[in-house]
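Data first, discussion second: the structure below is written as structure tokens.
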Amino acid sequence: NKDSKNFIILKKPAEIKKVILCSGKVYFDLLAAREKIKRDDVILFRIEQLYPFPVKSLVKELKPYANNAKFYWCQEEPKNMGAWFSVRDYIQWTLETIKAKNNNISYIGRNPDASPATGYAKRHMVEQEEIIKKVFDNILSDEGGRFYNCDIKYKAIKLENNFKFKIPDNADVLLNN
């Protein structure tokens, strides 16, 4: 199923298996991969403002997935860099607040490293592909798992703390205080 913007239509919240939280460019890689392999049971949340962290918005957005989904933070930076250590506790608090059945936030990304980048484009692409494969349970595209050149436009909704508008069903959401 696709909507008028050529995005797959995601399953209902009770049928979503994975909630992926991320920030920055990795969102676009994940979105392109999800669209290409037509995974309708993984929802992506792109958090752009990490401080102050949008906990009120996150509570509201994650609550529909509390009973069935597993929750992950995904980043392309090594684990000891990027936002993981600053967002982990906020997300964990959110999962406890919504009484999520699977209430542990897990990490998907590169292993800790002394350098923020590999220094080699080919190695970076291989590592990026591994991240994407972990998110989507090692399901590869028809082209052998290369997702980088997909021409996918994203839809994002800015969430305000006052919640005075309705979020469309099955929308990927840009969280921003």
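Taking the side chain as every heavy atom from C-beta outward, L30 and F136 approach each other to under 4.5 Å. Within the 4.5 Å cutoff, side-chain heavy atoms of E76 are placed close to those of R110. Inter-residue side-chain proximity for T94 and F71 is flagged as unmet; no heavy-atom pair is nearer than 4.5 Å. Between Q92 and N104 the shortest side-chain heavy-atom distance falls below 4.5 Å.
Note that NZ of K70 is 10.5 Å distant from NZ of K17, once rounded to the nearest 0.5 Å. Annotation: the span from I47 atom CD1 to E61 atom CD amounts to 10.5 Å, rounded to 0.5 Å. To the nearest 0.5 Å, the span separating CG on L21 from OH on Y27 amounts to 12.0 Å. Atom CD1 of residue I16 and atom CZ of residue R39 lie 9.5 Å apart, to the nearest 0.5 angstrom. Note: N80 CG to N111 CG = 9.5 Å, rounded to the nearest 0.5 Å. Taking NZ of K134 as the start and OH of Y72 as the end, the distance is 12.0 Å to the nearest 0.5 Å.
Comment: E48 engages R46 in a salt bridge, judged by a side-chain N to carboxylate O separation of less than 4.0 angstrom. Using a cutoff of 4.0 Å between basic side-chain nitrogens and carboxylate oxygens, D40 and K38 are not scored as salt-bridged. Salt bridge E130/K133: present, at least one basic N to carboxylate O contact under 4.0 Å.
The backbone N or O of A69 sits less than 3.5 Å from a side-chain atom of N102, completing a donor-acceptor pair.
Closest approach of I131 to I108, counting heavy atoms only: O-CG2, 3.8 Å. Nearest approach of I105 to L95, heavy atoms of both residues: N-CD1, 3.8 Å. Of all the heavy atoms in S23 and V26, the pair that sits closest is O-CG1, 3.8 Å.
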*Please lay out, stage by stage, how Y65 and F45 fare under the test side-chain contact (heavy atoms from CB on, under 4.5 Å).*
CA-CA 12 Å; Y65 309 100; F45 287 91; 3.9 Å; yes
Identify each donor-acceptor pair in which a side-chain atom of residues 81-91 lies under 3.5 Å from a protein atom, sequence neighbours left out, and give them as a table.
residue : atom : partner : partner atom : Å
S86     : OG   : A83     : O            : 2.9

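A side chain to side chain contact (heavy atoms under 4.5 Å, CB included) with R34 is found for exactly one of I20, L10, V135, namely L10.
Note that K79 lies in the cation-pi zone of Y107, set by a 6.0 Å cut-off to the ring centre and a 45° limit from the axis.
Remark: Q75 pairs with W73 by the side chain to side chain donor-acceptor pair (under 3.5 Å) rule, at least two apart or across chains.
Between the side chains of D29 and Q128, at least one donor-acceptor pair of N or O atoms lies under 3.5 Å.
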